[in-house]
Amino acid sequence: MGKTDPFIFSAYKSVLTRFIETNKKFKNICFLGQPDNNAFSRQIDFTRADFYDASRRNWNINDDTWDIPTGTYDLVVCTRCAYFCKDVNAFFDKCRSLLS
C-alpha cells in the first residue's frame, strides 16, 4: 500500500461502517492480496481474519482453484486485486463463493 492509503482507507471504512450499522459485526473475514494486518484491517471489528497473499505463498489470484474454504466468510476484502487478475468475472465468482 502507498501514499493514497489514508484516502482509500477512509472510503472503505465509511462503507463498512454503514454495513455494520445496518447488519452485524463481522465474525470471519478473508483478506485477499494482503499479507497481514495493516492500518485498514485494524479498524475493522472481527473475531477471526485469514490473510491470503502471494508473498505468504498461500494464494495466487490467477490460479484456477484457490485453497480457501468456501462458504466461510462474512466479508471478503480484496482491495487493489481485481486489476491483477486475468479473468475478472471468474475472480468475483470465486470471491462470492467464499461468503457464508
Side-chain angles (χ1 to χ4, degrees):
M1 303 254 169
K3 295 179 183 180
T4 60
D5 285 358
F7 304 104
I8 291 171
F9 291 168
S10 176
Y12 293 154
K13 179 71 174 173
S14 173
V15 170
L16 290 174
T17 299
R18 281 182 277 157
F19 177 85
I20 291 168
E21 288 172 355
T22 59
N23 294 284
K24 60 182 177 179
K25 291 192 176 187
F26 300 106
K27 292 180 183 173
N28 299 313
I29 299 179
C30 175
F31 288 93
L32 299 176
Q34 182 173 322
D36 207 347
N37 271 320
N38 63 17
F40 171 63
S41 59
R42 283 190 285 273
Q43 294 181 40
I44 304 171
D45 187 18
F46 55 82
T47 304
R48 177 180 164 212
D50 295 323
F51 296 86
Y52 297 92
D53 188 73
S55 68
R56 292 184 84 141
R57 297 177 186 211
N58 66 352
W59 182 64
N60 181 329
I61 194 170
N62 289 308
D63 276 354
D64 288 337
T65 59
W66 295 350
D67 191 20
I68 303 173
T70 59
T72 304
Y73 300 100
D74 302 314
L75 175 69
V76 174
V77 178
C78 54
T79 60
R80 300 176 181 160
C81 288
Y83 46 77
F84 290 109
C85 65
K86 293 177 183 175
D87 183 346
V88 176
N89 291 325
F91 171 75
F92 284 112
D93 287 342
K94 289 178 190 176
C95 288
R96 274 191 289 279
S97 76
L98 301 177
L99 294 170
S100 56

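Computed from a predicted model, the values in this text were never measured in an experiment. For the numbers below, each heavy atom of this structure counts, side chains included, while hydrogens, waters and symmetry mates do not. Counting from 1, the numbers follow the sequence of the chain as shown.
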Atom pair CG/OG of Asp36 and Ser41 - distance to nearest 0.5 Å: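 Output value for this atom pair is 7.5 Å.
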Asp67 CG: over 12 foreign heavy atoms closer than 6.0 Å: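 No - once you tally the heavy atoms of other residues, nucleotides and ligands closer than 6.0 Å, there are 12 at most.
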Heavy atoms of other groups near Arg57 CZ, more than 12 under 6.0 Å: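 No, the 6.0 Å shell around CZ holds no more than 12 heavy atoms from other groups.
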Ignoring hydrogens and angles, tell me if any N or O in the side chain of [X] forms a donor-acceptor pair with the backbone of [Y] under 3.5 Å.
X	Y	answer
Asn28	Asp50	no
Lys94	Asp64	yes
Thr72	Thr70	yes

Side-chain heavy-atom pair [X], [Y] within 4.5 angstrom cut-off:
X	Y	result
Cys85	Asn62	yes
Phe46	Asp74	no
Leu32	Ile61	no
Tyr52	Leu98	no

Contacts of type side-chain hydrogen bond (donor to acceptor under 3.5 Å, both in side chains), residue Ser14, not counting sequence neighbours: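 Only Arg18 meet the side-chain hydrogen bond (donor to acceptor under 3.5 Å, both in side chains) criterion with Ser14.
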Residues in side-chain hydrogen bond (donor to acceptor under 3.5 Å, both in side chains) contact with Asp93, at least two apart in sequence or another chain: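 Asp93 satisfies side-chain hydrogen bond (donor to acceptor under 3.5 Å, both in side chains) with Arg96 only.
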Which residues share a ring pair (Phe, Tyr, Trp, His ring centres under 6.0 Å) with Trp59, sequence neighbours left out: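 Ring pair (Phe, Tyr, Trp, His ring centres under 6.0 Å) list for Trp59, sorted by chain: Trp66.
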Listed partners of Phe40 passing ring pair (Phe, Tyr, Trp, His ring centres under 6.0 Å), at least two apart: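 Phe40 satisfies ring pair (Phe, Tyr, Trp, His ring centres under 6.0 Å) with Phe9, Tyr12 once adjacent residues are dropped.
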Over all atoms of both residues, closest heavy-atom pair of Gly33 and Cys81: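 Smallest heavy-atom distance, with atoms named: CA-SG, 3.9 Å.
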side-chain contact (heavy atoms from CB on, under 4.5 Å) partners of Ala90, counting only residues at least two apart: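 Result, side-chain contact (heavy atoms from CB on, under 4.5 Å) vs Ala90: Asp87.
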For Arg56, side-chain contact (heavy atoms from CB on, under 4.5 Å) partners two or more places apart: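 So Arg56 forms a side-chain contact (heavy atoms from CB on, under 4.5 Å) with Pro35, Phe51, Asp53, Asn58.
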Going hydrophobic residue to hydrophobic residue with side-chain gaps under 4.5 angstrom, can you get from [X] over to [Y]?
X	Y	value
Ile68	Phe91	yes
Ile29	Phe92	no
Phe31	Leu99	no

